[in-house]
Protein chains: 2
Amino acid sequence: MSAEQCKVEEALGILVGKWKPVILLHLFSEGTLRFSELKRLMPGITQKMLTKQLRELEEEDIIERVVYPQVPPKVEYSISEYGKSLQSVLLTMNEWGTAHALRKEQLAKSQQKATS
Amino acid sequence: MSAEQCKVEEALGILVGKWKPVILLHLFSEGTLRFSELKRLMPGITQKMLTKQLRELEEEDIIERVVYPQVPPKVEYSISEYGKSLQSVLLTMNEWGTAHALRKEQLAKSQQKATS
DNA sequence: CGGAATCCAAAACGATACTG
DNA sequence: CAGTATCGTTTTGGATTCCG
């Protein structure tokens, strides 16, 4: 892993975005979700953002989008075959992130003691 | 790994930034580098950006900054003990990123054929 | 229901000049 | 040498309205 041919950004580029990891984790655990279900699972996200992030993930072939031609419309999202290869990356990051969050928490606690 | 307690952003937050992964990879492979050496290794980065990204990494305790009180100044950066725990994450992302870049390249090639 | 379009604020990034 | 400071541009995220 040399710095000259660093491809971390390739993975980073797909995961960055305030909501992308959460979207992916939901799809990984639920399998298939409608647009409205995703929205309900993420209070705070706007329709515009959800649409945008889903489009970007779709463009990278990470997720699949299926439109049912009916009224009212129904659109379902799921992880694509290729997208499944991302799970291990997500898992690694989540594990490290969990430990890091814990560490920060404990560090804050010990500093609280020191100043009290 | 449930979506409710997604800690991917914890890792993401540290890696995002146009130059952070490259900085980290350089420090991982070289061990210790001076500010000017880092800058030379990354043509295109501005002093301001390099300073900023280094500060952020330092604040997260990922890298260490040692100032030698002399004229002209000398400042050395290296991966901290804790920062080393990030290497596996970086490696995982780099591997996936490399494969992803290759895939995109080949996809582009096959599309080129199809339209020629 | 699942968007698209518009407008806006904030954050990231960058060029340049100056400094102990 | 290793930074600040200031300015401007670009990108990102968000609120709101409208549409088939």
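Bear in mind that the values here come from a model prediction, so they are computed numbers and not experimental data. By convention in this document, chain letters (A, B, ...) are assigned in the order of the sequence lines, proteins followed by strands, and residues within each chain are numbered from 1.
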Margin query: Is there a side-chain contact between A:Arg55 and the phosphate of C:dA4, meaning an N or O under 4.0 Å from OP1 or OP2?
Written below: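 Checking A:Arg55 against C:dA4: at least one side-chain N or O falls below 4.0 Å of OP1 or OP2.
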
Margin query: Side-chain N or O of A:Arg40 versus OP1/OP2 of C:dG2: is the shortest distance under 4.0 Å?
Written below: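 Negative; the distance criterion is not met.
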
Next item on the list: Treat each ILVMFWY residue as a node, draw an edge where side-chain heavy atoms are under 4.5 Å apart, and state whether A:Ile23 and A:Val67 are in one component.
Entry: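 Yes; A:Val67 is reachable from A:Ile23 via cluster members.
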
Check: Which residues within residues 27-38 of chain A lie with some heavy atom under 4.0 Å of an atom in DNA chain C?
Finding: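 Within this stretch, A:Arg34, A:Phe35, A:Ser36 sit under 4.0 Å of the strand.
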
Check: Are there more than 12 heavy atoms of other residues, nucleotides or ligands under 6.0 Å from atom CD of A:Gln70?
Finding: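 Counting other residues, nucleotides and ligands, CD of A:Gln70 exceeds 12 neighbours.
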
d([atom1], [X]; [atom2], [N]) in whole Å:
| X | N | atom1 | atom2 | result |
| --- | --- | --- | --- | --- |
| A:Leu15 | D:dT12 | CG | P | 15 Å |
| B:Lys39 | D:dG3 | NZ | P | 12 Å |
| B:Glu76 | D:dC1 | CD | P | 14 Å |
| B:Met42 | D:dA2 | CE | P | 13 Å |
| B:Ile23 | D:dA2 | CD1 | P | 14 Å |

Next item on the list: Scan side-chain atoms only and decide if A:Tyr77 and A:Glu64 contain a donor-acceptor pair under the 3.5 Å cut-off.
Entry: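 A:Tyr77 vs A:Glu64: no donor-acceptor pair found between side chains.
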
Note to self: Suppose we screen for ring-ring contact (aromatic ring centres under 6.0 Å, His included). Which residues come up paired with B:His100, at least two apart in sequence or across chains?
What the structure shows: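 Listed in chain order: A:Tyr82, B:Trp96.
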
Margin query: Run A:Glu10 and B:Lys104 through salt bridge (charged side-chain N to carboxylate O under 4.0 Å, His left out) and show every step you take.
Written below: CA-CA 10 Å; A:Glu10 290 280 340; B:Lys104 280 205 294 189; 3.5 Å; yes

Checklist line | Bending between helix ends of the helix from C:dC1-D:dG20 to C:dG20-D:dC1 [5 pairs per end, 10° resolution] | finding: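 Comparing the first five pairs with the last five, the axes sit 40° apart.
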
Note to self: Restricting to side chain to side chain contact (heavy atoms under 4.5 Å, CB included), what partner residues turn up for B:Ser36, sequence neighbours left out?
What the structure shows: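 Partners of B:Ser36 by the side chain to side chain contact (heavy atoms under 4.5 Å, CB included) criterion, ordered by chain and then number, come out as B:Arg34.
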
Checklist line | side chain to side chain contact (heavy atoms under 4.5 Å, CB included) partners for B:Glu58, two or more places apart | finding: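 Checked B:Glu58 against side chain to side chain contact (heavy atoms under 4.5 Å, CB included); matches are B:Arg55, B:Ile63, B:Arg65.
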
Margin query: So, taking the atom named CG in B:Leu33 and the one named CG in B:Leu54, what distance separates them when rounded to the nearest 0.5 Å?
Written below: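 With rounding to 0.5 Å, CG (B:Leu33) is 10.0 Å from CG (B:Leu54).
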
Next item on the list: Measure from the side-chain N and O atoms of B:Ser80 to the backbone N and O of B:Ile62, and report whether any donor-acceptor pair falls under 3.5 Å.
Entry: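 Checked: pair present.
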
Note to self: Protein within reach of the bases, or only the backbone? For nucleotides 7-20 of chain C, mark each nucleotide 5' to 3' as B, S or -, using heavy atoms under 4.0 Å.
What the structure shows: B-----BBB----B

Item checked: For the student: nearest non-hydrogen atoms of B:Thr32 and B:Ser78, plus distance ->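 Scanning both residues, the minimum pair turns out to be OG1-CB, 3.7 Å.
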
Next item on the list: Might you point out which heavy atoms bring A:Gln47 and A:Phe35 nearest each other, and give the distance in Å?
Entry: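 The pair with the smallest heavy-atom distance is O-CZ, 4.0 Å.
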
Check: B:Tyr77 near the nucleic acid: base, sugar-phosphate alone, or nothing, with a heavy-atom cut-off under 4.0 Å?
Finding: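 Result for B:Tyr77 = sugar-phosphate.
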
